[in-house]
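Below is one structure; the comments refer to it alone.
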Amino acid sequence: MDLCNINVIRSVMESEGIKFRKEFGQNFLINRHIPEDIADNCSDREDCMILEIGPGIGCLTAELAKRYEKVVAVEIDRGLIPVLKKTLAEFDNVTVINEDIMKLDLNTLIPQLAEGREVYVCANLPYYITTPILMRLLECGVKFNSITVMVQAEVATRLTSKAGGGDYGAITAVLGYYGETRKLFTVSANCFMPAPKVNSAVIKIDLYKEPKYKPKNEKLFFGIIKAAFEQRRKTLVNAIFSKYPDFSKEELQNVLVDMGYTPTVRGETLSVEEFCALSDRLFELRAEG
């Protein structure tokens, strides 16, 4: 069954009385080379488990099932569950879970399902919920090896940008704390049904097996990053002071100058390593006070 064929997609959905649901950001792939390429890039080993988010009617799920030992697909749309039972009937290594990925207890569920296998994530993420889902995966406590996702092309540019660039933001810095993010390839809007208004891109986050950065206070580290980008037009001194008024502007400026920055430096110029060093200095300053 060619699950990227427009006529097959329509036939499968009509047979179950299913319609595209905009609230779930449903856009189904109609170019079979795309799910093949995404699946190829998920992992370099077959004996692993793939956690797929939002399988739709299963075109990517099928490609994953052909390549990897176990696939667990989490689909929020209850109406698509009977469709997936039909389209994935030939695969005995696929488990479909009808749940919201944002509400699942992944830290308990994934180890049970993985049964000792390394776990990789693969997803065609709805544009409106890309960042929340990525943060959910990064913060849930599960040691995923990598996250391969298709996102809006503009978002992909932001997620893979470097410090100092105009697209560099808080989410970029946060991803950099957990791993290395790179863009794999672009996907034209014409590859979907219904076609979205923008192109997409596939990115991969290779997660660090051991922490590369070890801030002395993780909460302060993330707080400093958030403050730095909440009001981009502000200098870093003013941005941090707005969120942490217990530090005086003079103290903040002295710390930055002592670290080699100008008093007017802005947050988007700092790398993850530099944010870590800055938060450590502020943590020490607070401890001394």
Side-chain angles (χ1 to χ4, degrees), residues 37-45 47-54 60 64 68 72 74 101-102 104 106-107 109-111 114 117-125 129-165 167-186 200-226 228-229 267-280:
D37 289 344
I38 295 173
D40 283 341
N41 279 283
C42 278
S43 173
D44 57 2
R45 55 186 303 167
D47 60 339
C48 66
M49 186 185 103
I50 306 293
L51 171 65
E52 185 192 9
I53 302 168
L60 175 56
L64 293 169
Y68 306 109
V72 175
V74 179
I101 192 68
M102 298 297 290
L104 272 177
L106 296 174
N107 204 25
L109 181 66
I110 297 303
R117 299 179 182 87
E118 292 189 354
V119 184
Y120 299 73
V121 178
C122 186
N124 175 8
L125 294 181
I129 199 170
T130 295
T131 297
I133 288 181
L134 287 178
M135 293 310 302
R136 176 85 175 92
L137 293 170
L138 294 172
E139 295 175 344
C140 71
V142 178
K143 286 189 173 297
F144 298 114
N145 281 56
S146 68
I147 301 173
T148 304
V149 293
M150 181 153 55
V151 298
Q152 185 176 340
E154 181 181 332
V155 174
T157 298
R158 187 183 315 136
L159 299 181
T160 56
S161 60
K162 303 299 181 184
D167 294 307
Y168 184 69
I171 182 61
T172 325
V174 170
L175 288 186
Y177 174 71
Y178 289 100
E180 296 183 3
T181 306
R182 54 195 167 96
K183 179 180 174 181
L184 299 181
F185 54 87
T186 301
S200 299
V202 178
I203 65 168
K204 185 169 186 177
I205 309 167
D206 292 303
L207 300 169
Y208 299 127
K209 292 186 181 298
E210 296 296 332
K212 183 176 182 179
Y213 309 104
K214 300 179 180 180
K216 294 181 178 180
N217 186 296
E218 196 176 69
K219 183 178 180 181
L220 179 61
F221 167 73
F222 286 120
I224 295 298
I225 290 177
K226 183 178 180 181
F229 293 99
E268 59 264 27
T269 65
L270 271 67
S271 66
V272 179
E273 183 177 9
E274 290 171 317
F275 272 120
C276 187
L278 174 58
S279 71
D280 283 353

Side-chain donor/acceptor of [X] to backbone N/O of [Y], under 3.5 Å:
X: T172; Y: R158; result: yes
X: K183; Y: A201; result: no
X: N145; Y: Y120; result: no

Starting at [atom1] of [X], measure out to [atom2] of [Y] and round the result to the nearest 0.5 Å.
X: L60; Y: N124; atom1: CG; atom2: CG; result: 7.5 Å
X: R136; Y: L138; atom1: CZ; atom2: CG; result: 11.0 Å
X: E218; Y: C276; atom1: CD; atom2: SG; result: 9.5 Å
X: L64; Y: M49; atom1: CG; atom2: CE; result: 11.5 Å
X: L159; Y: I203; atom1: CG; atom2: CD1; result: 4.5 Å
X: K143; Y: K209; atom1: NZ; atom2: NZ; result: 9.5 Å

Test side chain to side chain contact (heavy atoms under 4.5 Å, CB included) applied to I133 and M102, step by step: CA-CA 7 Å; I133 288 181; M102 298 297 290; 3.9 Å; yes
Which heavy atom of [X] sits nearest a heavy atom of [Y], and at what distance?
X: S146; Y: K204; result: OG-CE, 3.5 Å
X: D37; Y: F185; result: CB-CZ, 3.7 Å
X: E139; Y: Y178; result: CG-OH, 3.9 Å
X: F275; Y: L270; result: CE1-O, 3.4 Å
X: Y213; Y: G176; result: CE1-O, 3.4 Å
X: G267; Y: A228; result: CA-CB, 3.9 Å

For the residue pair [X] and [Y], establish whether any side-chain heavy-atom pair is separated by less than 4.5 Å.
X: Y208; Y: E180; value: yes
X: F221; Y: K214; value: no
X: M135; Y: I171; value: yes
X: L106; Y: L137; value: yes
X: E274; Y: T269; value: no
X: E268; Y: F229; value: yes
X: C122; Y: I38; value: yes
X: I225; Y: V272; value: no

Passing option when T148 is tested against V121, I50, L184, D40 for side-chain contact (heavy atoms from CB on, under 4.5 Å):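 The passing option is L184.
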Verdict with supporting geometry, Y177 and F222, side chain to side chain contact (heavy atoms under 4.5 Å, CB included): CA-CA 10 Å; Y177 174 71; F222 286 120; 3.5 Å; yes
Greater than 12 external heavy atoms within 6.0 Å of E154's CD: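 Open.
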